[in-house]
Structure formats: structure tokens, C-alpha cells
Amino acid sequence: MPPFYVIGNLKMNLLSREECDEYVSQLRREMTGKTFAHARGIIAPPVIHLNRFQHLPPGFTLAAQDMSQETKGAFTGEISPLMLRDAGVGHVILGHSERRMYAGETDELVALKTRLALKENLVPIVCFGETEEERRRDETVAVIERTIRTVFSGLSSLFAERVIVAYEPRWAIGAGVTPTMTDILQVKVYLRKLFSELYEPALAERIPVIYGGSVKAAVLPSVSWEAEMSGVLVGGESLYPRELIKMMSEAEARFNSQD
Ligand code: PGA
């Protein structure tokens with residue numbers, strides 16, 4: 001059975017080294033006595049604090065919130081995927097809606113970054129989703145199709161199956177509201193259809209699809225397993241280690257009950 005990802009995007013929070021150390025200690029405390037065979041934790045701290053997150057509990061890996069589409073050179077302010085690898089990062093969030101909104105990132109740029117991340121041995125977590133306005137205009141499928149076709153265009157099967165895709169309706173991010181289970185499931189079904197146009201059906205089934213946008217433990221069943229998602233991308237609630245571990249424990253318990 002494929003793993004269930006619980007990915008914490010800490011965004012631009014935890015402002016000091018002390019706050020980071022406290023966060024990691026809490027995470028370790030909450031994990032005491034627990035082991036997860038199925039639930040996988042991934043934490044994406046602000047890049048400047050990566051070194052404070054080197055001692056995550058077993059079962060956790062480190063992610064970055066973004067990276068450059070270049071590897072080296074005169075790119076002021078950018079972070080190379082090689083630097084991320086060197087800092088122990090295994091995953092990288094790409095095309096998050098806040099990057100699209102505040103830094104003008106496009107699907108084309110996200111496609112470039114995805115390719116480079118894969119080449120440099122990082123697992124890309126590619127985010128996409130419709131705005132409130134696009135949803136009202138019934139353009140959800142069109143938006144998803146555009147991103148997926150752009151990002152996966154020309155991507156070999158070998159690379160494609162290493163990507164994690166994160167459906168994050170922009171209107172749900174930080175809003176305290178989530179789509180219905182049926183809405184998310186419909187997106188999943190559509191993605192499977194699209195992937196099976198681009199790749200052989202068995203591979204199309206294997207690409208993990210996760211959900212993000214106002215995720216907390218209480219909505220986990222409807223936005224994840226009932227909607228057949230392979231994990232969740234958690235923003236606000238990931239600032240509470242206890243809540244993240246709670247979500248992982250619930251995913252693990254569900255997995256065990258299916259054994
Ligand atoms: P949220 O953020 O959980 O605070 O809605 C999700 C995200 O930005 O990925």
C-alpha cells in the first residue's frame with residue numbers, strides 16, 4: 001500500500017531559532033513511543049531555518065517551500081536545488097498558490113522547476129487549484145488540465161511517477177472551509193483520466209494525489225480517505241506539532257484497520 005503523506009508547510013512562520021527548536025522538541029515529544037509504517041511526515045520550514053530541523057523524529061523528512069529553476073550562478077536571492085540537497089532536503093513544494101499570487105509564478109515556471117527538481121533528485125510536490133472566481137465560472141477542470149498538461153508535458157514515465165500532485169483549491173487555503181468529499185473525489189477521478197491519457201494506466205494510478213486547503217484533524221476523513229487522497233498538505237494547523245501527529249496517527253489507525 002502506498003504511504004499516506006502528512007506534509008506541514010510552515011510558510012513564513014517560526015521567526016526565531018528558539019521557536020524552531022521548540023517546534024522540533026514538541027514534534028519529538030509527540031512522537032515518543034509511536035512508530036508509523038504507513039503515515040509519512042514531511043516538514044517544510046522556512047529555508048533559513050533548515051539547519052534547525054536536522055533532527056526530526058524518525059519517519060519524518062525535510063522539505064523546502066520553493067526552489068530556483070537554476071542550479072548555480074548570478075541569481076540574487078534564489079536557492080539552488082543543489083543547496084537544498086546538501087541541507088538534507090528530500091522534497092520541495094512547487095507552484096504553491098502563494099508563490100503564484102505574490103511572486104507571479106506561472107505553470108511554465110513550475111514546469112521548469114519540476115523538471116530540475118527531479119533531475120537533482122528532489123521529489124516535487126506540485127500544487128495547483130482554481131480560484132474562487134474560476135470556481136464560480138465552472139473552470140475548475142480547465143485550470144487543472146492546464147497546469148497538469150504544462151507540468152507533465154514531455155516528462156518521462158520514470159520522472160512522472162516520482163511527482164506528488166497537490167490539489168489545493170485556492171479559495172480553501174487559510175479560509176477555514178473545505179470542498180465536499182464529492183468535489184475532491186471528482187478532481188481525483190479527472191486527474192486519473194488525464195494521467196492515463198499521458199501515461200500507461202498502471203503508472204497513472206500510481207501518481208500520488210493529495211489534498212490541501214484548511215486541513216485539520218476534524219476534516220481529515222472527508223478530504224482525504226473518503227476522497228481517496230494519498231495525503232494532505234497542511235498550512236496553519238501544521239504549526240501545532242500535536243495536530244500533525246494526530247493526523248498521522250489517524251491515518252495509521254485507518255491503515256491498520258484495513259489490514
Ligand atoms: P492552510 O494552508 O492549511 O492554512 O489552508 C494550506 C496550504 O497553503 O498549503
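In each ligand, atom 1 is the first atom listed, and ligand 1 is the first ligand listed. Everything numeric in this text was worked out from a predicted model, so none of it was measured.
Residues L10 and V24 are members of one and the same hydrophobic cluster, defined by side-chain heavy-atom contacts under 4.5 angstrom among Ile, Leu, Val, Met, Phe, Trp and Tyr.
The closest donor-acceptor contact from the side chain of S222 to the backbone of V219 lies under 3.5 Å. A donor-acceptor pair under 3.5 Å is absent between the side-chain atoms of E252 and the main chain of F36, judged by distance alone.
Residue G174 has at least one heavy-atom neighbour below 4.0 Å for each of these atoms of ligand 1: 1 (P), 4 (O), 5 (O). Distances below 4.0 Å separate heavy atoms of G213 from the following atoms of ligand 1: 5 (O). For ligand 1, the atoms closer than 4.0 angstrom to any heavy atom of S214 are 1 (P), 3 (O), 5 (O). In the vicinity of K11, heavy-atom distances shorter than 4.0 Å reach the ligand 1 atoms 2 (O), 7 (C), 8 (O). Near L233, the atoms of ligand 1 lying under 4.0 angstrom from a non-hydrogen atom of the residue are 9 (O). Near H96, meaning under 4.0 Å from any of its heavy atoms, are these atoms of ligand 1: 7 (C), 8 (O), 9 (O).
The CD atom of E22 lies 5.5 Å from the CZ atom of R29; values are rounded to the nearest 0.5 Å.
Of all protein heavy atoms, the one closest to atom 6 (C) of ligand 1 is G235 N, 3.6 Å. Among all protein heavy atoms, the one lying closest to atom 4 (O) of ligand 1 is G236 N, 2.8 Å.
Salt-bridge formation is detected for the pair E30/R242: a Lys NZ or Arg NE/NH1/NH2 atom is positioned less than 4.0 Å from an Asp or Glu carboxylate oxygen. Under 4.0 Å is where a charged nitrogen must lie from a carboxylate oxygen, and between D66 and K113 at least one such pair does.
Inter-residue side-chain proximity for L233 and I93 is flagged as met; some heavy-atom pair is nearer than 4.5 Å.
At least one heavy atom of E168 sits under 4.0 Å from some atom of ligand 1. Residue-ligand proximity: G212 is placed with every non-hydrogen atom at 4.0 Å or more from ligand 1.
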